[in-house]
Amino acid sequence: MSEGHNLAINGDRLWDSLMEMAKIGATEKGGNCRLALTDLDREGRDLFVAWCKAAGCTIRIDRMGNIFARRAGTNDDLPPVMTGSHLDTQPTGGRFDGVYGVLAGLEVIRSLNDLGIATEHPVEAVVWTNEEGSRFAPAMVASGVFAGAFDLEYGLSRADVDGKTMGEELERIGYAGPEEVGGREIHAFFETHIEQGPILEAEEKEIGVVTDAQGQRWYELNVTGQESHAGPTPMPIRKDALLGASRIVDLVNKVGLDHGPVGCATVGMMQVHPNSRNVIPGHVFMTIDFRHPDADQLLSMDRQMREGVAEIAARSRVEVDVEEIWHSPPVPFDRSCVEAVARATAELGFSSREIVSGAGHDACYISRVAPTSMIFIPCIDGISHNEVEDAKPEWIHAGGNVLLRAMLAKAGRVA
Ligand code: HGY
Ligand code: MN
Ligand code: MN
């Protein structure tokens, strides 16, 4: 029977698992590219499933491709204590975003096995499909279907830029599972993740006790002008879609600054048509990503953007169609789960602070159907969604040990 002092994960094994997984979709600059439901995503999923089976887990896969690796409890009829995150990455992603939370969950299961600890509730390590929202929009769509934020048909019909749907790609890679999505009780859910921002490292805190996640509003804009010749077309009569779009980029930046210091506003995608150097662009597709922890402030950002876009359209003699494609309200996490994380952190003597998540996570949707909270560790220079994303092994170990104790607090340690 393990006592408190050796109630610990095998941090080196967790680090090695991360580095092994990072070989799948490795990029030249040291990052990862495993876009959702690509062959590389399948490879990562297959490796995770193999590791979980080797750890004695049973595997269930639902119709959105969410993977549930289950370690039985002594009272297996009780709802599980779950932990997990995502294996899909950004195109220029890092080795830790998402995958750390998935493999920390596996490490908890491996460690419970090593320590001979039985839990009353079953424990599940989870992979949520398409968290990033990069290949298929919106983000967190599969955990959203699980939580009832979207219906299954909506989730399966999300299409990439080539028109391939999630449903088709799940079939193609063999992860269109038989299980219904959601609708089952979860005792508690924890997600371990790098902060993806600079606060913890700057304040030299080892753990972030996440209390909330900020809200998000995503938009797609189509700016329509008139293609014409770059030479004979006088400046005053042009209908230049890229000029309009460029003014909107500046507007979006101003909206973010006007809602500072926490508001964030980003134009991440822009496609110019016909993208020919001597044709005045007739059409631009672009995206807007707004974030704020306060719902009213998010609404204010929406309003300022829409008013500004109308003024720019008139001034630039273009049409602008604004479609809000996703709205994820701010999320307060469950106090009892937050306290379980805080207690585990204090028991282990890690430096910590409460923190609001700037990024969205699957935990945001799962919090709608289960008591949920998150555990953050710092990342180097606060950089993420970038191939240089990095973390110190001691941070990786710390987050895994906090997760082990927080989960045990909820799962009930029997022996
Ligand atoms: O966009 C986000 O916050 C997350 O990384 N999908
Ligand atoms: Mn993530
Ligand atoms: Mn991410």
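Numbering of ligands and ligand atoms starts at 1, following listing order. Every heavy atom of this structure was used, including side-chain atoms; hydrogens, water molecules and symmetry mates were not. This chain uses plain numbering: 1 for the first residue, then up along the sequence.
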I'd like to check which ligand 1 atoms, numbered from 1 as shown, lie under 4.0 Å from a non-hydrogen atom of A359. 3 (O)
Do any nitrogen or oxygen atoms of R291 lie less than 3.5 angstrom from nitrogen or oxygen atoms of ligand 1? yes
E124 and R71 ion-paired at < 4.0 Å: no
Test H327 against F290 for ring pair (Phe, Tyr, Trp, His ring centres under 6.0 Å), laying out the working first. CA-CA 10 Å; H327 177 196; F290 283 154; over 10 Å; no
Of Q214, H385, M140, E131, the one whose closest heavy atom lies nearest atom 6 (N) of ligand 1 is E131
Ring pair (Phe, Tyr, Trp, His ring centres under 6.0 Å) between F146 and F68, intermediate numbers included: CA-CA 12 Å; F146 187 92; F68 303 90; 5.7 Å; yes
With the Mn ion (ligand 3) at the centre, find the angle made by OE1 from E132 and NE2 from H385, to 10°. 90°
Could you check whether any side-chain N or O of H397 sits under 3.5 Å from a backbone N or O of G11, counting only pairs where one atom can act as donor and the other as acceptor? yes
Geometry only, no angles: is G360 polar-contacting ligand 1 at N/O separations under 3.5 Å? yes
Going by the angle between their ring planes, with limits at 30° and 60°, are F189 and W128 parallel, tilted or perpendicular? perpendicular
Quick check on the Mn ion (ligand 3): does E131 put an N/O/S atom closer than 2.8 Å to it? no
Do H292 and Q216 have side-chain atoms, one donor and one acceptor, less than 3.5 Å apart? no
D97 N/O/S atom closer than 2.8 Å to the Mn ion (ligand 2): yes
N/O/S of H86 less than 2.8 Å from the Mn ion (ligand 2)? yes
